Amino acid sequence: MKIYNTLTKTKEPFIPLITDRVGMYVCGITPYDSCHVGHARCYVAFDVIRRYLEYSGYVVTHIQNFTDIDDKIINRARERNVSPSKLSKQYEDEYFTCMDSLGIKRADEYPKVTKHIPEIIEFVQVLINKGHAYVLGGSVYFEVSSFPEYGKLSGRRVEDLLAGARVEVDEQKRHPADFALWKNAKPEEPSWDSPWGKGRPGWHIECSAMSQKYLGNTFDIHGGGQDLIFPHHENEIAQSEGYTGQQFAKYWIHNGFVTVHKEKMSKSLGNFFVLKEALSQYHPQIVRLFLLTTHYRSPMDFSPDKLDMTKASLERVYNLTDKLREMGCFGFDMEESIDRDNVMKHHPYPEAYKCVQVIQKTEERFKAAMDDDFNFPEALAVIHELITVTNKLISLLDAIDVSSVADNEATAIVAAGKQCLKYSACLLTQLAENVLGIRVQRERLGQGCNGQKTLTDGLMQLIIDLRQTARETKNFQMADIIRDRLKALGVTLEDTAEGTRWK
RNA sequence: GGCGAUGUAGCCAAGUGGUAAGGCAGAGGUCUGCAAAACCUUUAUCCCCAGUUCGAAUCUGGGCAUCGCCUCCA
């Protein structure tokens with residue numbers, strides 16, 4: 001398995017610190033507002049990465065933080081006249097609602113800043129003791145010049161940062177690039193006691209302190225959006241490596257942005273799609289699949305018509321799994337599809353044997369794609385080819401009934417073919433569903449989360465209209481049958497002067 | 001100003017030295033009472049220019065275009 005490492009800007013063989021175990025820290029959200037589609041991309045991407053690592057035999061420890069105290073939360077809470085903790089809780093809940101619907105597996109821990117103040121204070125104190133930080137007016141700053149490797153992740157030099165002239169120039173700091181580890185409390189702000197007075201953690205310190213607590217000084221994978229490379233992750237490295245003197249994360253994985261009309265989706269540009277709204281219009285499975293159609297490091301442009309294309313391709317999956325389910329092909333283990341190769345070799349249709357060969361290579365090709373820096377689109381292509389060839393095999397097996405093969409031979413061949421179809425079903429379940437997280441059994445894709453209700457309403461209206469037609473043509477027998485059958489299903493019809501209603 | 005990314009068919013998107021995966025859309029055909037699904041056939045020489053090479057979308061140099069980070073941001 002190879003992973004593109006932002007730190008080295010190359011694809012590197014993945015070698016975990018401990019055989020068969022992977023520690024992965026993914027930067028979570030600051031819960032002060034609703035998630036947008038960009039968040040979904042990030043967490044879907046790392047969900048698939050996590051699933052693939054598990055599929056590959058690793059035991060993964062996945063940690064993802066909530067930065068639940070910060071300027072943005074304080075300000076927003078003040079605007080709404082609620083407590084910061086209540087505000088952050090609201091958006092944490094919303095986060096889980098959205099991500100659960102997308103089929104994202106829960107991380108092992110979701111540590112919060114406010115629950116780790118002692119660890120953070122200790123971390124800051126060590127940095128001061130080691131000469132990496134200094135106290136200034138109740139705040140504590142990291143001294144960038146004390147960490148010569150500063151800039152190694154983002155490829156920046158401190159001198160260049162100054163040339164940009166966009167670094168906030170704090171009159172007090174020793175150097176403009178120094179950043180806050182601990183912020184002196186302003187009046188009426190949430191604060192905690194510390195050796196430097198009342199205050200709260202700076203932005204980057206929580207990830208250093210909490211990743212260390214849950215994953216140790218050095219761990220395998222640290223991930224997040226590309227916009228976190230600088231300054232967030234750069235600063236994390238400075239803090240953590242300044243503290244431990246050891247390498248922080250071995251592999252840095254960063255996902256690309258979601259754009260709208262080619263521009264980054266962001267709060268400040270106001271061009272973002274709120275995730276929960278996107279999910280109410282498009283089924284979460286469509287959104288999830290869409291997010292996998294582009295390599296995780298490339299930018300991807302979001303637009304409704306692209307989701308429509310994705311929806312069509314997902315229907316294609318269901319069209320096949322409908323057939324496989326009707327044929328009783330699901331629910332078997334890989335091992336049960338034995339001997340298909342031998343029998344199919346003598347299939348009277350050589351085309352069928354070719355199908356089998358393609359099916360047999362699916363898993364290997366899927367792995368090759370995913371092993372190459374998690375190439376989601378390539379892996380999806382493999383799945384689509386599996387679907388095509390499985391459909392083809394079904395067609396060929398259908399045709400065998402009318403062939404001139406001897407009965408007993410035809411039976412054996414059809415049985416072998418069926419084994420192949422079971423194998424296809426296994427592959428779809430294991431690869432598409434378990435690894436990519438695309439559920440392969442048909443779901444109503446109609447109208448996002450509201451689809452079920454809308455469909456039911458529509459169907460009921462259709463039945464009522466048909467029954468009304470029967471009543472108008474005096475076909476009361478049919479009308480009564482409809483009413484009785486619905487009653488048996490727990491649906492009651494009421495004919496009123498205003499029309500028929502159901503409950 | 002510094003650093004970086006991208007430019008492949010109508011649309012989306014893989015491929016990073018040997019003559020272009022896959023999906024969506026389109027066209028023709030098979031099947032079908034009709035439709036749908038499925039199957040078959042079909043739709044590109046890879047932004048431009050120069051160079052390296054037997055051979056480049058794939059490497060080098062130069063353009064053009066778009067975008068990102070350097071300020072909160074997945």
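Just so it is clear, the structure is predicted and the values come from calculations on it, not from any experiment. Computation of the quantities below employed the complete heavy-atom set of this structure, encompassing side-chain atoms and omitting hydrogens, waters and symmetry-equivalent molecules. Here is the naming used below: chain letters follow the sequence lines, and residue numbers restart at 1 for every chain.
- Comparing rC72(B), rA74(B), rC69(B) against the side chain of Tyr43(A) picks out rA74(B) as the nearest.
- Taking the six-membered ring for Trp and thresholds of 30 and 60 degrees, Tyr296(A) and Phe376(A) have ring planes inclined between 30 and 60 degrees apart.
- Within the shown strands, nothing qualifies as a pairing partner of rC46(B) under the Watson-Crick or G-U definition with both distances less than 3.5 Å.
- Between Phe290(A) and Thr259(A), it is Phe290(A) whose nearest contact on RNA chain B lies nearer the 5' terminus.
- A distance of about 8 Å separates the P atoms of rA38(B) and rC24(B), rounded to the whole Å.
- In terms of the side chain to side chain contact (heavy atoms under 4.5 Å, CB included) criterion, residue partners of Cys27(A) (sequence neighbours excluded) are, by chain and number, Tyr25(A), Asn65(A), Cys207(A), His222(A), Leu228(A), His232(A), His233(A), Glu236(A).
- Nucleotides rG15(B) and rU45(B) have their C1' atoms positioned 14 Å apart, rounded to a whole Å.
- For the pair Arg174(A) and Tyr141(A), the cation-pi test (distance below 6.0 Å, angle within 45°) is failed.
- Residue Asp227(A) contributes atom CG, which lies 17 Å from atom P of rA5(B) at whole-angstrom precision.
- Nucleotide rA74(B) holds its P atom 13 Å from the NE2 atom of His254(A), rounded to whole Å.
- With a cut-off of 3.5 Å on both pairing distances, the Watson-Crick or G-U wobble partner of rG10(B) is rC24(B).
- Applying the Watson-Crick and G-U wobble criteria (two distances, each under 3.5 Å), rU53(B) pairs with nothing in any strand.
- Looking at heavy-atom distances under 4.0 Å, Gly224(A) makes contact with sugar-phosphate atoms alone, never a base.
- Of all nucleotides present, only rA38(B) satisfies the Watson-Crick or G-U wobble test against rU30(B), with each distance under 3.5 Å.
- Put simply, CZ on Phe273(A) is 18 Å from P on rA74(B), counting in whole angstrom units.
- Annotation: side-chain hydrogen bond (donor to acceptor under 3.5 Å, both in side chains) contacts involving residues 377-386 of chain A, sequence neighbours excluded, comprise Arg365(A)-Glu385(A).
- Relative to the ring axis of Tyr32(A), Lys72(A) places its NZ or CZ within 45° and under 6.0 Å from the centre.
- Here the separation of rA57(B) from rU19(B), taken at their P atoms, is 11 Å to the nearest Å.
- As judged by a 4.0 angstrom heavy-atom cut-off over every strand, Phe257(A) is placed among the base-contacting residues.
- Rounded to a whole Å, the CG atom of Asn255(A) is 17 Å from the P atom of rA5(B).
- Base pairing annotation: rC67(B) forms a Watson-Crick or G-U wobble pair with rG4(B), both donor-acceptor distances under 3.5 Å.
- Straight-line distance between the P atoms of rG10(B) and rU43(B): roughly 13 Å, to the nearest whole Å.
- Separating the P atom of rA5(B) from that of rG61(B) is a span of 12 Å, rounded to the nearest Å.
- Taking atom CD1 of residue Ile394(A) and atom C1' of nucleotide rC40(B), one finds them 17 Å apart after rounding to whole Å.
- For the pair Phe230(A) CZ and rA74(B) P, the interatomic distance rounds to 17 Å; values are reported in whole Å.
- An OP1 or OP2 oxygen of rC69(B) is reached within less than 4.0 angstrom by a side-chain nitrogen or oxygen of Lys264(A).
- Scanning for side chain to side chain donor-acceptor pair (under 3.5 Å) contacts around Arg50(A) gives Glu54(A), His62(A), with sequence neighbours left out.
- Within the 6.0 Å centre-distance limit, the rings of Phe66(A) and Phe96(A) are counted as a close aromatic pair.
- Glu94(A) is linked by a side chain to side chain donor-acceptor pair (under 3.5 Å) to Ser34(A), Lys276(A), counting only residues two or more places apart in sequence or in another chain.
- Across the protein-nucleic acid pair, Glu234(A) atom CD and rG4(B) atom P stand 14 Å apart, rounded to whole Å.
- Taking atom C1' in both rC31(B) and rA37(B), the straight-line distance is 11 Å, to the nearest Å.
- rA35(B) and rG29(B): their P atoms are spaced 12 Å apart (whole Å).
- rU16(B): no Watson-Crick or G-U partner with both key distances under 3.5 Å is found in any strand.
- Among the heavy atoms of the strands, none lies under 4.0 Å from Val26(A).
- A search for side chain to side chain donor-acceptor pair (under 3.5 Å) contacts involving Glu92(A) returns Lys112(A), not counting sequence neighbours.
- Using atom C1' as the reference point in both rU16(B) and rA21(B), the two lie 14 Å apart (nearest Å).
- Residue Gly256(A) is in base contact, counting any heavy-atom pair closer than 4.0 Å across all strands shown.
- Atom CD1 in Ile104(A) sits roughly 11 Å away from atom C1' in rA74(B) (whole-Å rounding).
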Problem - Footprint string (nucleotides 13-37 of chain B, 5' to 3'): B base within contact, S backbone only, - free, heavy atoms under 4.0 Å - result: SSS-----BSBB------------S
